[in-house]
Visitor: 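Below: one structure in structure tokens.
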Amino acid sequence: MSCRHAGPATSTLALVLALCAPVVAGAQERIAVPDARPLLLAAIDAPDGRAHGVLSGPMADAITARFKATSPVYIDVSTERRYAQPGCRRLKVSFWQDGVQLPGAPAPRRQTIDFGLNYCRDGLPPRSLS
């Protein structure tokens, strides 16, 4: 395979791709975690209140094998509310996976589990919901 310079349009496109690649890569990066706790803490600390990861380890392997899924187990955490108590938030946690084959289902599909959680940096719920 060879590369040739095809002119100014190709050079401009190459420059744009080079400059945008770190932004696109950063938007898609996920932290590998053995459970959701590191992402809960990351979302509490993040300026935008969000954290994204992918479940790793024996639990992730068991879930993927059991449901014959075609993707890893992804975890997305977002802040729904900030409480007065420092380091405490109402978090929305989503676990999702593509290609999940549920018993009795006609075809594999994306399966998502969403739940809310009142959580503080110390692992306990907030003392007050105000």
Visitor: Apply salt bridge (charged side-chain N to carboxylate O under 4.0 Å, His left out) to R110 and list each qualifying residue two or more places apart in sequence or on a separate chain.
Guide: D98
Visitor: I want to check something: taking the side chain as every heavy atom from C-beta on, are D61 and I63 in contact at a cut-off of under 4.5 Å?
Guide: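 The answer is no; the side chains never approach within 4.5 Å.
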Visitor: If you take all heavy atoms of P125 and C120, which pair is closest and at what distance?
Guide: C-SG, 3.8 Å
Visitor: To the closest 0.5 Å, what do you measure between CD1 (I75) and CG (L55)?
Guide: 5.0 Å
Visitor: With heavy-atom distances below 4.5 Å as the criterion, would you say the side chains of L91 and T79 are in contact?
Guide: yes
Visitor: Answer whether the closest heavy-atom distance between the side chains of V73 and V54 falls below 4.5 Å.
Guide: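 A side-chain contact is absent here, since even the closest heavy-atom pair is not under 4.5 Å.
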Visitor: Quick one, F95 with T112, criterion side-chain contact (heavy atoms from CB on, under 4.5 Å). Give me CA distance, side-chain angles, the key distance, then yes/no.
Guide: CA-CA 6 Å; F95 286 80; T112 304; over 6 Å; no
Visitor: Considering all heavy atoms of both residues, which atom of D35 and which atom of R37 are nearest to each other, and what is their separation?
Guide: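 D35 and R37 have their closest heavy atoms at OD1-N, 2.9 Å.
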Visitor: Measure the spacing between CZ of R90 and CG of L129 and express it to the nearest 0.5 Å.
Guide: 8.5 Å
Visitor: Looking only at non-hydrogen atoms, find the nearest pair between S94 and K92 and report the distance.
Guide: OG-CE, 3.8 Å
Visitor: Is Q111 close to L102 at the side-chain level, that is, under 4.5 Å between some pair of heavy atoms?
Guide: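 The answer is yes, as the side chains (C-beta and beyond) meet within the 4.5 Å cut-off.
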Visitor: With a 4.5 Å cut-off on side-chain heavy atoms, are R121 and L41 touching?
Guide: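 Of all side-chain heavy-atom pairs linking R121 with L41, at least one is under 4.5 Å.
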Visitor: So, for P72 and Q97, which heavy atoms are closest and what is the spacing to 0.1 Å?
Guide: O-CG, 3.4 Å
Visitor: Between P103 and R66, what is the shortest heavy-atom contact and its length?
Guide: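 So the minimum-distance heavy-atom pair works out to CG-NH2, 4.0 Å.
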Visitor: Apply side chain to side chain donor-acceptor pair (under 3.5 Å) to residues S128 and Q85 and explain how you reach the verdict.
Guide: CA-CA 7 Å; S128 169; Q85 184 179 339; over 6 Å; no
Visitor: Salt bridge or not for R30 and D76, using N-O below 4.0 Å?
Guide: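 A salt bridge is present here (some side-chain N lies under 4.0 Å from a carboxylate O).
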Visitor: For Y83, which residues count as a ring-ring contact (aromatic ring centres under 6.0 Å, His included) partner, sequence neighbours excluded?
Guide: none
Visitor: Could you give the distance from CG (L124) to SG (C88), rounded to the nearest 0.5 Å?
Guide: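 L124 atom CG to C88 atom SG measures 8.5 Å (nearest 0.5 Å).
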Visitor: Between N118 and P126, what is the shortest heavy-atom contact and its length?
Guide: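 Nearest heavy atoms, N118 then P126: CB-CD, 3.6 Å.
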Visitor: Mind checking whether V77 and H52 have side chains closer than 4.5 Å, heavy atoms only?
Guide: no
